[in-house]
Amino acid sequence: MNKDYVPNLFGSMVFNEKIMKERLPKQTYKELKSCIDKGKALNINVANIVACAMKDWALEKGATHFTHWFQPMTGITAEKHDSFISPTEDGQIIMEFSGKELIKGEPDASSFPNGGLRVTFEARGYTAWDPTSYAFIKDNTLCIPTVFYSYSGEALDKKTPLLRSMEAINKQALRVLNLFGNEDVKSVITTVGPEQEYFIIDKDLYLKRLDLILTGRTLLGAKAPKGQELEDHYFGIIKPRIAAFMEELDKELWKLGVLVKTKHNEVAPAQHELAPIFTTTNLATDHNQLTMETMKKVADKHGLVCLLHEKPFEGINGSGKHNNWSLSTDNGQNLLEPGKTPAKNAQFLTFLCAVIKAVDEYQDLLRISVANAGNDHRLGANEAPPAIVSMFLGDELSGILDAIENNEKYSAKDKVEMELGVDVLPRFPKDTTDRNRTSPFAFTGNKFEFRMLGSTFSVSGPNVILNTIVAEALSSFADELEGATDFKKALNSLIKKTLKDHKRIIFNGNNYSDEWIQEAEKRGLLNLRTTVDALPYFIKDKNIALFEKHNIFTETEIRSRYEILLENYSKIINIEALTMVDMIRKEILPAVTNYMKNLSDTIIAKKSIGLSNCCDMERGTLTNISNLANNLYTEIEKLDSLLRRVDDYSDPLSVADFYKSLIIPAMEKARSYADSLELLVGKEYWPIPTYADLLYKI
Ligand code: ADP
Ligand code: MG
């Protein structure tokens, strides 16, 4: 059998249902499955049997170690590997793995971000297996997906709140579904399909740029003569070197059970996209983390580097991640799919209205869920959605909602009358709902596409928010409808009221236009342009109340996360600024000096042979360069001394604001001089690869 036969490859490194069924005693499998389905804790006897079977399977696949694989607040995954070896009395070893080791770990966690949650004398963190995500083998290590929490039980990671939010939306969606007579539905899950953008560049060139190495983006660099204006890269033919990388990436991800489906070139030169088929949010999150990690690893094997930063290059598109999101029941209904019967339509409109209400009431939280230093370069620029959260429903669906709100006939081409729970919605083909690519939050036929995520983001954060705010809207709907004597009447007025109160969030026009910014302001929508503008909303009373009500975060956890996010922002800008100072002092200015010396030596040499009137080029260039170099020197000295002033600020918000308001503008100024110099200094003298090198030489 061909070893690359995809059905054999797929999931071959995953301890999934099929393997569990094959390898576990029937009773153990049943108990494990029931724990997974009901989210119950595993008892130690079952855990011992599962651990032993897992170990045997892993050893056969060549594994030597195991690790609890968790997702701390760094946004990447963490692992500490232990080998399976255990000494025997006769000086040999046996390979062991116990149920206790499977279900709980105690990594020393003092160096993970915790926002003041763990004092150093209680630096222990605990990890616990999340059996809803399968164990898998990566680099000869058996990885157990786990949650990560502190001694006193606070979440220190991105998985715990996600699981809590999935539970919250499950609970509230079931309440609403019951009202529509879905007694057979036992659970509701959220589904996510994240489309991932990334850049691929040559590794040798990458290694010549300290900014890429330390910050993941170029801090300097004049635009290449060619950018993305010809739009010839989008869906273009994939270069052989990239194709080879993509082929191996697909295979590695398939082995890990990731449902990788689509790959193509993106708009910017050297930019690409990968999209999997959607799955349960929890798994989609784990898989997206694995995808990002595997992209980097496989690229390296091909002498390439994968840049996941939101804005690696100025002047061309940055990279984002589209979070396709929906709700689905255990009996296979997609709750955001317009139904075929009047009853199903009323149900669809109820869920749709819950999302509308949620997005409007918690615009701030959605904005925060996509806020970081890198994404500030995109949101609001002419490529990504703006920083204003709004929803696209398409003209047809919006028309129907208007008609419902105003008790009017819906008079599109089909001339259908719409009475909730009586009439059938007209079918809207997917393409009429998916035309607007500028919307941050678009209804695309049977799901919503949240398009504001940055490419480095764990999809956990945005989905925690989405799940929680929709759970809240559903909960308020259920509260109102559960007591109603006339359900149909109550539903009708609830839907109308919701549309009236929240229709301001719906915008089907061009989100990149200036008119929209003004219009949004008139509508009272938030325009939180930067991370520093957005984050303070996290700790508003209404948001703390929301998270506490649905058991997502305690107030302590929220405040700790707020601090972590602010500190992360400040640290990133600080590293970027220091890197810039370093590169300009040690690489750019010395190179410029060399070139100036060459020019002035030439002038002197020409003079010595009587050609002093023929030095226009040298003089002109030298004068320009010399002026720019002086300006660059001045700006970099200013930036350097400005950086020291951070000590004047103490609380995390004012520190972050200092970086936003003072450091970023200073960096931009210095960069403009450096980029102008790049256009004048001889190629051989310029010490770092240019944009043309990085984007086209592959
Ligand atoms: P594009 O946005 O480029 O048009 P597609 O429409 O093909 O792409 O879908 C994008 C993503 O949406 C894919 O990952 C797909 O699996 C996912 N998707 C489709 N249906 C759902 C759903 N019900 N829930 C979540 N994601 C979904
Ligand atoms: Mg998309």
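Predicted model, so just to flag it, every value in this text is computed and none were measured. Atoms within each ligand, like the ligands themselves, are counted from 1 in listed order.
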Could you tell me, atom by atom, which parts of ligand 1 come under 4.0 Å of a heavy atom of [X]?
| X | value |
| --- | --- |
| I277 | 16 (O) |
| E195 | 1 (P), 2 (O), 3 (O), 10 (C) |
| N334 | 23 (N) |
| E449 | 2 (O) |
| P276 | 13 (C), 14 (O), 16 (O) |

Worksheet entry | Within 6.0 Å of NZ in K21, more than 12 heavy atoms from elsewhere |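 Not buried by this count: 12 neighbours or fewer within 6.0 Å.
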
Item to complete: Examine the side chains of N170 and S187 and answer whether a donor and an acceptor come within less than 3.5 Å of each other.
Response: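 No, S187 and N170 have no side-chain donor paired with an acceptor closer than 3.5 Å.
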
Fill in: T191 N/O under 3.5 Å from ligand 1 N/O
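Yes - when backbone and side-chain N and O of T191 are compared with those of ligand 1, one distance drops under 3.5 Å.
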
Item to complete: Report yes if some N/O of A275 lies less than 3.5 Å from some N/O of ligand 1; otherwise report no.
Response: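 Looking only at distances, the answer is no, because the N/O contact criterion of under 3.5 Å is not met.
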
Fill in: Side chains of I552 and V464 in contact at under 4.5 Å (non-hydrogen atoms)
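Yes, close enough: below the 4.5 Å cut-off.
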
Worksheet entry | Passing option when F441 is tested against Y362, F507, F392, F448 for ring pair (Phe, Tyr, Trp, His ring centres under 6.0 Å) |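 Going through the options one by one, the only one that passes is F448.
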
Worksheet item: With a 4.0 Å cut-off on heavy atoms, is K261 touching ligand 1?
Response: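 Heavy atoms of K261 never come under 4.0 Å of ligand 1.
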
Worksheet item: Would you find a donor on one side and an acceptor on the other, under 3.5 Å apart, between the side chain of N467 and the backbone of N463?
Response: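 Yes.
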
Fill in: H272 and Y198 aromatic ring geometry - parallel, tilted or perpendicular at 30°/60° bounds
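Ring orientation, 0 to 90° scale: tilted.
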
